[in-house]
Amino acid sequence: MIMNENLPQSNPIPLSVLDLAPIVEGSNAGQSFQNSVELARHAEKLGFKRFWLAEHHNMTGIASSATSVVIGHIAGATTTIRVGSGGIMLPNHAPLVIAEQFGTLETLYPGRIDLGLGRAPGSDQLTAAALRRDRSSGGEHFPQQLAELRSYFHPDGTTKVRAVPGEGLNIPIWLLGSSGFSAKLSAELGLPFAFASHFSPDYTLPALELYRRQFKPSDALHQPYAMIGVNVIAAESDEEAEFLATSLQQQFLNLIRGNPGKMKPPVEDIDSLWSPYEKQIVQQQLRYTVTGSGETVKAKLQQILAETNADELIVNTSVYNHQARLRSFEILAEVWNK
């Protein structure tokens with residue numbers, strides 16, 4: 001069955017939302033989930049195509065560890081926008097469990113669920129070990145785990161283990177990556193591919209080139225379809241957007257220092273917080289970050305599209321103030337559809 005919803009579309013290309021369910025300083029996971037619902041409803045009204053949540057563990061600033069549960073919560077609070085994972089870290093789970101979970105989601109919300117899969121642990125190695133009963137299960141076994149998962153959705157009639165719900169459902173499967181591994185596997189299997197440019201920009205162009213060059217048409221997809229992640233912070237002025245972006249910069253600064261935590265409020269002088277070396281590292285990791293007024297953001301995104309020829313952009317907006325975050329998506333939608 002061809003996934004028509006994933007075929008290339010006319011310009012402007014679709015925009016989607018990547019929600020990391022951030023927990024900001026002074027708040028908690030409950031408020032984070034309320035904010036995610038409000039953002040999803042907002043994005044749906046604005047015409048964004050999908051709303052994806054990502055699996056992370058042992059991170060006090062991210063609330064979406066039980067990703068399938070949160071996807072169900074968001075899907076139940078919306079009516080038309082596609083909801084899915086960006087992604088489920090498959091080595092952390094038994095493939096049968098993911099087939100059953102997403103089979104349940106697709107049964108409850110038919111035609112609206114995406115299953116994006118990654119092979120990283122989504123956390124540190126100690127937490128990865130705590131998640132996996134079989135310590136030998138890691139990213140190197142991802143192709144076999146993926147094949148097992150897909151077999152539950154479309155069995156060949158020989159297996160005695162069945163995913164109910166799940167069996168026979170046409171749930172779009174995406175592979176996510178920040179290197180060439182998933183690009184190559186996506187191409188080989190004829191699946192859509194999403195690249196994590198928003199935090200790993202260096203290999204974006206080589207991975208996209210590899211995916212397109214080696215792509216083999218499949219029952220899932222006739223042509224390659226590539227989505228890239230971009231950090232976008234839009235505001236009424238370039239100066240305000242740059243101020244709001246200092247929360248994202250602090251997040252990455254704390255990550256490279258090995259001290260992740262809740263999202264911090266923006267600061268007037270980010271240079272007082274980092275060394276020149278740290279600044280260089282953060283700016284390099286955030287190269288696919290677009291900040292500014294609406295017109296500035298649109299121009300910068302068009303430059304990224306000219307460089308990558310992406311079929312879709314998935315937008316992460318890490319802003320401390322929830323209303324400013326909602327406004328950022330509103331400004332983006334306004335200028336994108338002009």
Side-chain angles (χ1 to χ4, degrees), residues 1-9 14 16 40 44 49-55 64 66-119 137 141-177 182 185-194 215-227 311-312 314:
M1 184 179 296
I2 299 300
M3 291 167 18
N4 292 320
E5 73 92 13
N6 281 325
L7 294 178
Q9 303 182 26
S16 293
E44 185 172 71
K49 186 169 186 178
R50 341 175 177 269
F51 191 94
W52 280 9
L53 295 124
E55 178 185 347
S64 53
T67 315
S68 300
V69 178
V70 185
I71 289 170
H73 183 59
I74 297 297
T78 53
T79 56
T80 58
I81 195 168
R82 298 190 66 87
V83 187
S85 57
I88 290 289
M89 301 298 111
L90 190 55
N92 294 342
H93 309 276
L96 175 61
V97 172
I98 298 304
E100 291 171 338
Q101 289 177 355
F102 277 78
T104 299
L105 288 167
E106 175 64 20
T107 301
L108 289 170
Y109 310 104
R112 294 182 55 208
I113 301 299
D114 294 326
L115 175 50
L117 299 168
R119 67 187 185 101
S137 177
H141 302 295
F142 181 75
Q144 293 82 5
Q145 293 172 316
L146 174 61
E148 180 184 347
L149 173 62
R150 297 181 78 196
S151 74
Y152 291 126
F153 292 128
H154 301 290
D156 60 9
T158 62
T159 181
K160 294 183 179 180
V161 179
R162 302 173 69 176
V164 182
E167 186 175 301
L169 296 180
N170 186 40
I171 302 170
I173 291 179
W174 293 66
L175 297 193
L176 282 55
S182 290
L185 186 59
S186 298
E188 180 182 332
L189 299 176
L191 296 175
F193 176 55
F215 182 85
K216 298 177 182 177
S218 69
D219 289 341
L221 200 61
H222 281 319
Q223 306 172 52
Y225 191 92
M227 176 165 65
D311 299 294
E312 187 170 339
I314 188 163

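As the structure is a computational prediction, the values presented were derived from the model and not from experiment.
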Heavy-atom closest pair, residues Leu105 and Gly72: CD2-CA, 3.5 Å
Taken in chain and number order and not counting sequence neighbours, the residues that satisfy salt bridge (charged side-chain N to carboxylate O under 4.0 Å, His left out) with Glu167 are Arg162
Side chain proximity check, Thr79 to Glu44, heavy atoms < 4.5 angstrom: yes
Can you name the side chain to side chain contact (heavy atoms under 4.5 Å, CB included) partners of Leu149, sequence neighbours left out? Leu90, Pro95, Ile98, Ala99, Leu115, Leu117, Phe153
Between Phe102 and Ile113 the two heavy atoms that sit nearest each other are CD2-CG2, 3.6 Å
Under the side chain to side chain contact (heavy atoms under 4.5 Å, CB included) test, which residues partner Pro217, sequence neighbours left out? Phe215
Please list all pairs meeting salt bridge (Lys or Arg N to Asp or Glu O under 4.0 Å) that have one or both residues in residues 89-103, counting only residues at least two apart or in different chains. none
Does any non-hydrogen side-chain atom of Met227 lie less than 4.5 Å from one of Lys49? no
Partner of Leu53 under side-chain contact (heavy atoms from CB on, under 4.5 Å), chosen from Val69, Ile88, Thr67: Thr67
Partners meeting side chain to side chain contact (heavy atoms under 4.5 Å, CB included) with Leu169 (sequence neighbours left out): Glu106, Thr107, Ile171
So which heavy atom on Tyr109 is nearest to which on Gly76, and how close? OH-CA, 3.4 Å
Sequence neighbours excluded, which residues qualify as side chain to side chain donor-acceptor pair (under 3.5 Å) partners of Ser16? Glu312
Where do Ser64 and Ala54 come nearest, in terms of heavy atoms and distance? OG-O, 2.6 Å
For Ser68, which residues count as a side chain to side chain donor-acceptor pair (under 3.5 Å) partner, sequence neighbours excluded? Gln101
Val83: partners by side chain to side chain contact (heavy atoms under 4.5 Å, CB included), with sequence neighbours left out: Ile71, Ile74, Ala75, Thr78, Ile81, Arg112
Would you name the heavy atoms of Gly190 and Ala220 that are closest together and state the gap between them? O-CB, 3.9 Å
Quick one: does Arg82's side chain have a donor or acceptor within less than 3.5 Å of a partner on Trp52's backbone? no
Side-chain contact test, heavy atoms from C-beta onward, threshold under 4.5 Å: evaluate it for Leu185 versus Phe193 and give yes or no. no
Determine which pairs satisfy salt bridge (Lys or Arg N to Asp or Glu O under 4.0 Å) with at least one residue from residues 143-160, sequence neighbours left out, and list them in order. none
Inter-residue atom distance Arg119.CZ - Leu176.CG, 0.5 Å rounding: 12.0 Å
What is the minimum heavy-atom distance between Pro192 and Ser186, and which atoms define it? O-OG, 4.1 Å
When rounded to the nearest 0.5 angstrom, what distance separates CG in Leu175 from OG in Ser182? 5.5 Å
